[in-house]
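Take a look at the structure below.
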Protein chains: 2
Amino acid sequence: MTSNIISKSPRCHHNPQVSCGDCRLNSICLPISVHVDELDKLDEIIQRGRPLHKGDYLYHANDPFTSVYAVRSGTIKSIRITNDGEEQVTGFHLPGEILGMDGIAQNVHTNSAIALETTAVCEIPFARMEELSIKIPSLQRHFFQLMSQEITADQQLITLLSKNSAEERVASMLLSISTRNHRRHLSATLFRLAMSRADMGNYLGLTVETVSRVLSRFQKQGVLSVDKKEIEILDMDGLRKAARADVC
Amino acid sequence: MTSNIISKSPRCHHNPQVSCGDCRLNSICLPISVHVDELDKLDEIIQRGRPLHKGDYLYHANDPFTSVYAVRSGTIKSIRITNDGEEQVTGFHLPGEILGMDGIAQNVHTNSAIALETTAVCEIPFARMEELSIKIPSLQRHFFQLMSQEITADQQLITLLSKNSAEERVASMLLSISTRNHRRHLSATLFRLAMSRADMGNYLGLTVETVSRVLSRFQKQGVLSVDKKEIEILDMDGLRKAARADVC
DNA sequence: CGAGAGTTTGAAGGCAGTCAAAACTAGTGG
DNA sequence: CCACTAGTTTTGACTGCCTTCAAACTCTCG
């Protein structure tokens, strides 16, 4: 099931064929739950490859739901379309993270998923995953946990939007990205944001201008160094104080 | 497993012993997914009774996670505690609805659940439900769907908080309750709110004063009749226009 | 290089928050 | 049964944070 690899692959140094057992992200993507001998069965159903370019849709809202996806490299944003046609960013998905679980309830995606840069994903056909879950209880449990994590994360965002100021929201988001980078053994203090200021603002319930102003202020205070999308956290404690909110 | 019924039961006309098959809420709580002969097995693991009084906790944040709960009668609110000790209302749970799924990820509840009035719940031990899911695939699927529904609902709230004004938020919340009442074959236009103005405001990211002002304004406009916690929707279309947001 | 998108900065205005106090409700015990 | 108190809700006046509007600036990539 690896015949659909697109030939013009992006300049990515990871082998798109690598199995879950060899994937350096598997501690994030499949924590503890699946035994070595069972990984082979999982590998069989997972479709790899499918590199997306910036702006490409992984799926559209209202598409029939067939699969969930694990990000291998790159970044994806999830958006919902509101009644008046505006878009609401509901999440950013970094390597090792799973997206698409919103579609399970109705068998239809409620979000669209868009690549923010060149991005590779593993496609996990959900019906086959369900069948496999019956044979591998730890896989079932793992998916329950993944979905519960998503619920917890969404509720954290609800709290952020409901109770926190613009500065606190921006600080919290940067800390969240920092933490998730660190989990991937990347720098927690120096990284490149894949999303635009507009996406950040949309996600955080703020305007572009406010996001920009907050970043400028943090820079002036010596908490951050901001160069376009390159962010360096100069004063981690200062940023934590500015966030004043739980970050996963 | 029904020995733990508390003797001083509330003045509730529903028999706390009624099985899922006979429960008049089962079309909400267990939609389509479980067959008649399998309901017996489910009935066996569900613990009934446990009436809660106003202010009682069903579980506390940081309690070990053992079960999810279905509301039989009454209302429950879920709250998260933020870093600074404030509480954030993350949801209201009406009869037929399931709560507690936030605890699956970490095996610890991240929310507390509090009865807003005399409330009866069915307790569903999660470990046993997981075992049963392996034998009854439609039950597994149903739980995936329930959790996905929760994700979708949380994302709708995120959108509401991120994009909508105070009037729109209050209107949306009232419409949501109206819809959920209607699903239980209760009036969609005349009902009693179980939660205080403070809880409403907390849930919607608004202050008590703002909620009160918005309700007064709707009353003045003839959209609502508000008498304390008794709400009558006089102009459903007007309320929908005021909401200008998708309500499930 | 040039056009369009994205970002930054400034000035002004509005919506909801904060502070304050009155009106009302509910629960308690004499 | 009523008096009393604590809590909830409502209303008003003022403040402030973020938005809106506008314009200059910068980067990207055909």
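Convention: sequence-line order gives letters A, B, ...; per-chain numbering from 1.
- Salt bridge B/K241/B/E168: absent, no basic N to carboxylate O contact under 4.0 Å.
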Show your working on side chain to side chain contact (heavy atoms under 4.5 Å, CB included) between A/L52 and A/Y57 and close with a plain yes or no.
CA-CA 8 Å; A/L52 302 170; A/Y57 279 73; over 6 Å; no
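- Using a cut-off of 4.0 Å between Lys/Arg side-chain N and Asp/Glu carboxylate O, B/R217 and B/E167 are scored as salt-bridged.
- Computed from coordinates, the B/R197 CZ to C/dA23 P distance equals 19 Å when rounded to whole Å.
- Rounded to whole angstrom, the span from the CG atom of A/N202 across to the C1' atom of D/dT19 amounts to 15 Å.
- Checking D/dT10, D/dT19, C/dT18 against the side-chain heavy atoms of B/T207 singles out C/dT18 as nearest.
- The side chain of A/T210 contributes an N or O atom lying less than 4.0 Å from OP1 or OP2 of D/dT19.
- Applying the 3.5 Å distance criterion, the base of D/dT20 shares a donor-acceptor pair with the side chain of A/R213.
- One can place CE of B/M200 at 14 Å from C1' of D/dT10, the figure rounded to the nearest angstrom.
- Using a 4.0 Å heavy-atom criterion, one finds that A/G205 contacts the sugar-phosphate atoms exclusively.
- Whole-Å rounding puts the B/K228 NZ to D/dG7 P distance at 14 Å.
- Atom C1' of nucleotide C/dG6 and atom CZ of A/R192 are separated by 13 Å, given to the nearest angstrom.
- Across all strands shown, A/K54 has no heavy atoms under 4.0 Å from either base or sugar-phosphate atoms.
- Distance A/K163 NZ to C/dT18 P: 11 Å, rounded to the nearest Å.
- At the heavy-atom level, A/L215 lies nowhere under 4.0 Å from the strands shown.
- Each of B/V211 and A/N164 was assigned the nucleotide of DNA chain D with the nearest heavy atom; the assignment lying further toward the 5' end belongs to B/V211.
- Ionic pairing of B/R180 and B/E97 is present here: one or more N-O contacts between side-chain nitrogen and carboxylate oxygen are shorter than 4.0 angstrom.
- With distances taken from any side-chain atom of A/S196 to the nucleotides C/dG6, D/dT11, C/dT9, the minimum falls on C/dG6.
- Regarding A/D227, its CG atom lies at a distance of 19 Å from the P atom of D/dC25, rounded to whole Å.
- Closest approach to the A/S216 side chain among C/dT8, D/dT19, C/dC19 is made by C/dT8 (side chain taken as heavy atoms from C-beta onward).
- Using the six-membered ring where Trp is involved, A/F65 and A/H109 have ring planes that are perpendicular, over 60° apart on the 30 and 60° scheme.
- Residue A/L204 contributes atom CG, which lies 14 Å from atom C1' of D/dC18 at whole-angstrom precision.
- Residue-level contact check: B/S212 touches the bases, meaning some heavy atom is under 4.0 Å from a base atom.
- The 5' end of DNA chain D is approached more closely, in terms of each residue's nearest nucleotide, by B/V226 than by the other of B/V226 and A/E167.
- The side chain of B/E209 has D/dT11 as its nearest neighbour among C/dG17, D/dT11, C/dT8.
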